There are 2 protein chains.
Amino acid sequence: MPPTQSSRTSRQRVKDGGTSAKSPSPRGARPSRGTVTLSDVAELAGVSSMTVSRVLNRPETVAPETVETVRKAIARTGYVPNLLAGALATTRTKLVAAIVPTISGSIFAACIQSLTDRLEVAGYQMLLGLSGYPAAREEGLLNAILSRRPDALFLTGTTHSAQSRRRLRGAKIPIVETWDLSAKPIDMAVGFSHQRVGRDAAQFLFKKGYRRFAAIGAEDERAKIRWKSYLAALTELGVDDVASITTPAPTNLWMGRDGLSKLIADGFTHGAVFCSSDALAHGVLVEAQARGLSVPGDIAVIGFGDLDFAAFTVPALTTVRIDRFAVGRLAAEAILSRLAGEPVAEKVIDVGFQIIEREST
Amino acid sequence: MPPTQSSRTSRQRVKDGGTSAKSPSPRGARPSRGTVTLSDVAELAGVSSMTVSRVLNRPETVAPETVETVRKAIARTGYVPNLLAGALATTRTKLVAAIVPTISGSIFAACIQSLTDRLEVAGYQMLLGLSGYPAAREEGLLNAILSRRPDALFLTGTTHSAQSRRRLRGAKIPIVETWDLSAKPIDMAVGFSHQRVGRDAAQFLFKKGYRRFAAIGAEDERAKIRWKSYLAALTELGVDDVASITTPAPTNLWMGRDGLSKLIADGFTHGAVFCSSDALAHGVLVEAQARGLSVPGDIAVIGFGDLDFAAFTVPALTTVRIDRFAVGRLAAEAILSRLAGEPVAEKVIDVGFQIIEREST
DNA sequence: TTGAAAGCGATACCAA
DNA sequence: TTGGTATCGCTTTCAA
């Protein structure tokens, strides 16, 4: 085992020219618990702590043999830098914080994955905050996160309290709002238009020849925008009697089954159903199957999200695909170029979406 | 807008008894960029910075009216504490770091979700590290993470390099290794036995009456333990000619399809197939269907993981369910009680698993 | 109940 | 190329 603790007591070189407290200070913070510090390394190497710092950060400014000596001392002591101290001195934490509602649903997980991957190669770490679904905790979470002085922020959605927006502006760091493009961004935005998703879905179905329509929509902030826009687009197309059902968020398959049951009870036995999520759409398919309805013959279904399972298992499900990895990747690029001082090409990046049609099988 | 920057220049109360640098220091670190600090608040409130600190941390030790005054000053300045400085002084960061291979597959996402949820109410934040699949980056990542001095660590798996293990021990913080129970933990462990999964699966299938067996296994560290243990258990049961195929990790549906194709080419046309992941198992089912084989009549399939999609969409798939949320939750509990100084009841917690049988449809 | 001084462990700047 | 010194913003300890 490398001499960590012991190197503090039994010192070969009694240099003692520094500020290192020899006598136990009568007051002040308690001595650090046996952690190896820069000056421990410096002492062992017989140089000043500044030199060690330089070896770590800009070795090219230090004489090669000094570097060698210091490197050995670092290895021998098992020194682990304290980025807290470094960050305090430089006001740069090399930390990027991300706030997402949840990570377990795999919708945001992909974003976080590509974001983290990209940031990591640039030497940044990820501070993850989960705000819960109705973004209930965002306020407090934001405070806790800003307390750690991240160099940049990745947010989900564009609806924040006035208080939050003020704090965010005050932080004066690069901020990317994702997953939505509707509002004016605080700083930068990467996402797509939920409004256009709804509209395009309506037009897509209309062009396919459907004339009877229904919708099952979650009461989630963004989901609402989608299905309301769908309804609005249908109205513009001259379709007025759209049966529509709302469900709480987050959605699941059972809500979709229930939804179709209700629609059928209301007399909707054939036509196209827009669902604000794939989970709902999936439920509709299952219910249709259970009732012996053909898809898309009797009932056509369009979902949203293109979740993994949908791609493989629900060949009859048409859905709207968002490249979730692209969201994270583009957000990372935006953050990094900002952090590098480069001007960002576009403050608002639309990743767009695709309507993936699956009818065969 | 609250007077942040301006409050630094136009001061009403020229108390000036503190250490606040009035004259621009000729050297030393550059002045912080217009951030509101504790002493700014103190100045505005007409108290010392210690008093402000107390109001923030232990308000009960401060006179009620002082608290009031200080609180107002905090609100007016929009003060955001700097936890970097606080942590440096206390050597407690209120940060828990987690290292998982990937977050986008939803296997670890659930763990992280429940871990974060539980830690958050205790006032801890999550530092997330993604090590990639062959844990290639673990070494460097670990260093970067330890540099931030987390109060505790959540790790995936129990295989770490000697270097890593040394560093981990040296960190002297609570460490939970998850997802595996086979090795002796560095500190604590929450998981299940992959060995037993393989064995139990074999016995389960044997008891169901199957006598012809095959396996499709990924070359992932833990997956290997599962299917090797499956093979070993079969040998013990007197089954020798098990057709087995390996695939690289991470697995996907197509590998499962390929796998079954190869097995069939090798003459395996009926019996039970053990797959080291649900993705593989799912692929086997699809391929079986494509070839007109009945499941589980001709081919029975058992997977591993109980992924979300499997629960809903693959009724013929029998699988091994791990309560992933429990892993995160129990890890959080272990960490928190350790952090609170309480002794941990058990250093090794087995969350177990269930074999979920789905044959009907 | 409040305040002053001395760190925590690093980096920036200037001087040698 | 190297070292000394003064911070970064906060908390701890002791004294008032």
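If you're wondering where the values come from, they're calculated on a predicted model, not measured in any experiment. Quick note on labels: first sequence line is chain A, next is B, and so on, each numbered from 1.
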Roughly how many Å is it from [atom1] in [X] to [atom2] in [N], rounded to a whole number?
X	N	atom1	atom2	value
A:Glu68	D:dT2	CD	P	13 Å
A:Leu88	D:dT11	CG	P	12 Å
B:Arg92	D:dC10	CZ	C1'	15 Å
A:Asn82	C:dT11	CG	P	10 Å
A:Arg148	D:dC10	CZ	C1'	14 Å
A:Leu83	D:dC8	CG	C1'	14 Å
A:Arg149	D:dC8	CZ	C1'	11 Å
B:Glu43	C:dT2	CD	P	18 Å

**Request:** List for me each residue that meets salt bridge (Lys or Arg N to Asp or Glu O under 4.0 Å) alongside A:Arg54, sequence neighbours excluded, and say none if there are none.
**Result:**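 Residues passing salt bridge (Lys or Arg N to Asp or Glu O under 4.0 Å) with A:Arg54: none at all.
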Only counting residues at least two apart or in another chain, list the ones meeting side-chain hydrogen bond (donor to acceptor under 3.5 Å, both in side chains) with [X].
X	result
B:Ser164	B:Glu139, B:Ser161
B:Arg167	B:Asn143
B:Glu333	B:Arg118
A:Asp151	A:Thr93

Is [X] close enough to [N] that one of its side-chain N or O atoms is under 4.0 Å from OP1 or OP2 there?
X	N	result
A:Asn57	C:dT11	yes
B:Thr90	D:dT11	no
B:Thr37	D:dG9	no
B:Ser49	C:dG3	no

**Request:** Taking side-chain contact (heavy atoms from CB on, under 4.5 Å) as the test, write out the residues that go with B:Ala42, two or more places apart.
**Result:**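 side-chain contact (heavy atoms from CB on, under 4.5 Å) check on B:Ala42 returns B:Val47, B:Ser49, B:Val52.
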**Message:** Does any part of the side chain of B:Thr35, heavy atoms only, come nearer than 4.5 Å to the side chain of A:Arg149, both counted from C-beta?
**Reply:**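 Yes - at least one pair of side-chain heavy atoms lies under 4.5 Å apart.
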In a table with atom names and distances, give each donor-acceptor pair under 3.5 Å that connects a side chain of residues 61-70 of chain A to protein atoms at least two apart or in another chain.
unit_1	atom_1	unit_2	atom_2	d
A:Thr61	OG1	A:Arg58	O	2.8
A:Thr69	OG1	A:Glu65	O	2.7

**Request:** Find which nucleotide of DNA chain C each of B:Val67 and A:Val52 is nearest to by heavy atoms, and output the residue with the more 5' nucleotide.
**Result:** B:Val67
**Message:** Under 4.0 Å, heavy atom to any atom of DNA chain C: which of residues 58-66 of chain A qualify?
**Reply:**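 The answer is none.
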**Asked** Looking at five pairs on each end of the helix from C:dT1-D:dA16 to C:dA16-D:dT1, what is the angle between the two axes, given to 10 degrees?
**Response**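 Overall, the helix from C:dT1-D:dA16 to C:dA16-D:dT1 bends by 30° from one end axis to the other.
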**Distance, nearest 0.5 Å, that separates OG1 of A:Thr158 from NZ of A:Lys184** =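 A:Thr158 atom OG1 to A:Lys184 atom NZ measures 12.5 Å (nearest 0.5 Å).
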**Asked** From C:dA12, C:dA10, D:dT12, pick the nucleotide closest to the side chain of A:Met50?
**Response**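 The answer is C:dA12, which lies nearest to the side chain.
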**Prompt:** Can you find an N or O donor on one side and an acceptor on the other, under 3.5 Å apart, linking the side chain of B:Arg54 with the base of C:dG3?
**Reply:**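 It does, because a donor-acceptor pair links the side chain of B:Arg54 to the base of C:dG3 below 3.5 Å.
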**Message:** Show, in sequence, the C-alpha distance, side-chain angles and deciding distance for A:Asp117 and A:Ser114, and conclude whether the side-chain hydrogen bond (donor to acceptor under 3.5 Å, both in side chains) test is met.
**Reply:** CA-CA 5 Å; A:Asp117 285 349; A:Ser114 53; over 6 Å; no
